[in-house]
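Taking it in order: structure first as structure tokens, then the write-up.
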Amino acid sequence: MLWKRPVSGSKQVGITGKGRDAMRMYDLIMKKRGGGSLTAEEIDFMIAEYTAGNIPDYQMSAMMMAVCFQGMTEEETAALTMAMARSGDMLDLTSIDGIKVDKHSTGGVGDKTSLALAPMVAACGVKIAKMSGRGLGHTGGTIDKLESFPGFTTEISTKQFMEQVERIGISIMGQTLNIAPADKKLYALRDVTATVDNMSLIASSIMSKKLASGADAIVLDVKTGSGAFMKKEEDAFALAEEMVMIGKHAGRKTAAVITDMDQPLGFAVGNALEVKEAIETLRGNGPEDFQKLCMTLGTQMLLAGGRAKQEEQAKEMLQKVIEDGSALRKLAQFVEAQGGDASAVYDTSLLPRASYTEEILSDRAGYIGKILCDEIGICSLLLGGGRETKESSIDLSVGLVLRRKVGDYVRKGESLAVIHANDPEKLAVARERFLRACFLEESKPAPRSFIRGIID
Ligand code: URA
């Protein structure tokens, strides 16, 4: 990861201090190349003109490369984020009473967190007004997963979205608005010019979309490990710190939780299978790691939303909405409000189901030492559970459910996982790939903490 932080107010190189009319992208590139700091006005100019098509890609690529080598100060990073957030629609949630809290995950395998967390937090009284995407990946995004409920739609107007948040405290809308178009354009450029892996650029890219989505407070789940964007823990911490710093500059309460993604989250990987696991979690029967994640993120959201003053109080509130069923009822209310058949919340056999299931049996005894997280995601993708291109359709019913996680013991002939498929050939491919991704060892691996840290 290229990560250099120049000191704020350090040397000023090149032509500075010009009014916007006299600014030239050439001068700004020169200034950054020489190690200077761009002013907020210069960054605003650069982003506005690039979004409008008045700065060519080759100049912006040169700037991105200069940023990778020279770094950006905190002030520059915050200014870049705000400029990108302002490049398109900014959702105004101020007419909704109370503190609106958003949650963002940097993504991973089996990440179904919003499906359980959003109703839990809403049942505790924090309003959830969330925009979500489909995206490419091992499974669909939150929207695809929610479409496992027949009839459910996120194609709702902003007006309906706001009214629903006011009425029942929760709504998730598809990204119909033009959110941070500068980031979209810039990310596509960075992707082909080897300028993605710079911490300021990654943090500003993620946070620009969050800031434009209008929440007062933001809780971030930054994943680390083989199935995460940030493979190294130190990089995950650096990204978390950078995003929390940006949130503070923008006047939004921001906290980040750094969590393990060295194996899939929970047991289920695949759209409807993950919905089922989220429902089980809302019934109090979720996998240990997933429950812990929902409790930790939920606690941060209740604190940020002003519903709890201390962590213990927040945890008790979250526990209560699981035990008294109100979190599960909130999910049903939410599904129904967006046109879905909520009976599947109470009877998960109504969710999409694959035609074939096959247990994958272990050919020997041992402890699960390692599960290659990315590979499990690819198994789901190969079964048809994810999208390789924006146009691909997605099979909501397929995927895998792990029977064992890292540290568990398995005897010869016992199941490691069950595959859900609609095509026997794809099932065979996924079985082979799964077996190559799962490593058995003679001794139990040392336990690793699931929550690596919290930054607020
Ligand atoms: N995800 C984003 O949204 N932006 C980046 O730059 C990297 C990952």
Side-chain angles (χ1 to χ4, degrees), residues 1-5 43 46-47 50-51 57 60-61 63-68 71-72 76-89 102-109 111 113-114 130-143 174-175 177-213 215 218-232 235-247 250 252 254 256 258-259 261 374 377 386-387 390:
M1 182 74 54
L2 285 164
W3 179 225
K4 179 174 175 184
R5 157 114 314 141
I43 290 173
M46 173 177 89
I47 293 300
Y50 181 58
T51 312
D57 279 347
M60 192 50 111
S61 332
M63 174 60 87
M64 292 295 107
M65 194 56 84
V67 167
C68 283
M72 289 183 114
E76 285 178 294
T77 308
L80 175 65
T81 312
M82 286 314 297
M84 293 202 294
R86 284 192 298 256
S87 66
D89 297 328
D102 199 358
K103 167 250 160 200
H104 176 78
S105 158
T106 57
V109 180
D111 191 355
T113 310
S114 294
K130 189 165 173 53
M131 272 196 273
S132 225
R134 293 184 189 278
L136 305 177
H138 310 127
T139 62
T142 301
I143 291 184
Q175 266 165 14
L177 298 178
N178 188 23
I179 294 291
D183 172 65
K184 202 182 251 175
K185 199 170 168 192
L186 206 48
Y187 189 79
L189 186 71
R190 287 167 54 215
D191 208 18
V192 292
T193 54
T195 51
V196 167
D197 67 342
N198 170 275
M199 209 58 85
S200 297
L201 296 179
I202 297 171
S204 57
S205 164
I206 295 173
M207 288 298 284
S208 65
K209 290 169 278 208
K210 289 286 114 185
L211 296 182
S213 303
I218 301 160
V219 174
L220 301 155
D221 178 10
V222 182
K223 309 240 178 240
T224 179
S226 64
F229 184 59
M230 289 295 153
K231 308 281 180 220
K232 290 198 217 140
D235 287 342
F237 270 91
L239 178 62
E241 276 163 14
E242 194 72 356
M243 293 196 289
V244 169
M245 175 279 290
I246 293 172
R252 315 274 176 105
T254 309
I258 296 94
T259 65
M261 190 34 78
D374 263 351
R387 272 188 199 89
K390 269 193 268 178

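In each ligand, atom 1 is the first atom listed, and ligand 1 is the first ligand listed. Because the structure is a prediction, the values reported are computed rather than measured.
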* With sequence neighbours left out, what residues match Lys232 under salt bridge (charged side-chain N to carboxylate O under 4.0 Å, His left out)? -> none
* To do: Just jot down the salt bridge (charged side-chain N to carboxylate O under 4.0 Å, His left out) partners of Asp374, sequence neighbours excluded, or say none.
  => Lys231
* Could you note down all residue pairs passing side chain to side chain donor-acceptor pair (under 3.5 Å) where residues 78-88 supplies at least one of them, sequence neighbours left out? => Asp44-Arg86
* **Set of residues that line ligand 1, where lining means a heavy atom lies under 4.0 Å from it** => Tyr187, Arg190, Ile202, Ser205, Ile206, Lys209, Phe229
* **Lys/Arg-Asp/Glu bridge criterion (N-O < 4.0 Å) met for Asp102, Lys210** => yes
* Less than 4.0 Å between a side-chain N and a carboxylate O, is that true for Lys185 and Asp183? -> no
* Close side-chain approach of Met230 and Ile258, heavy atoms under 4.5 Å -> no
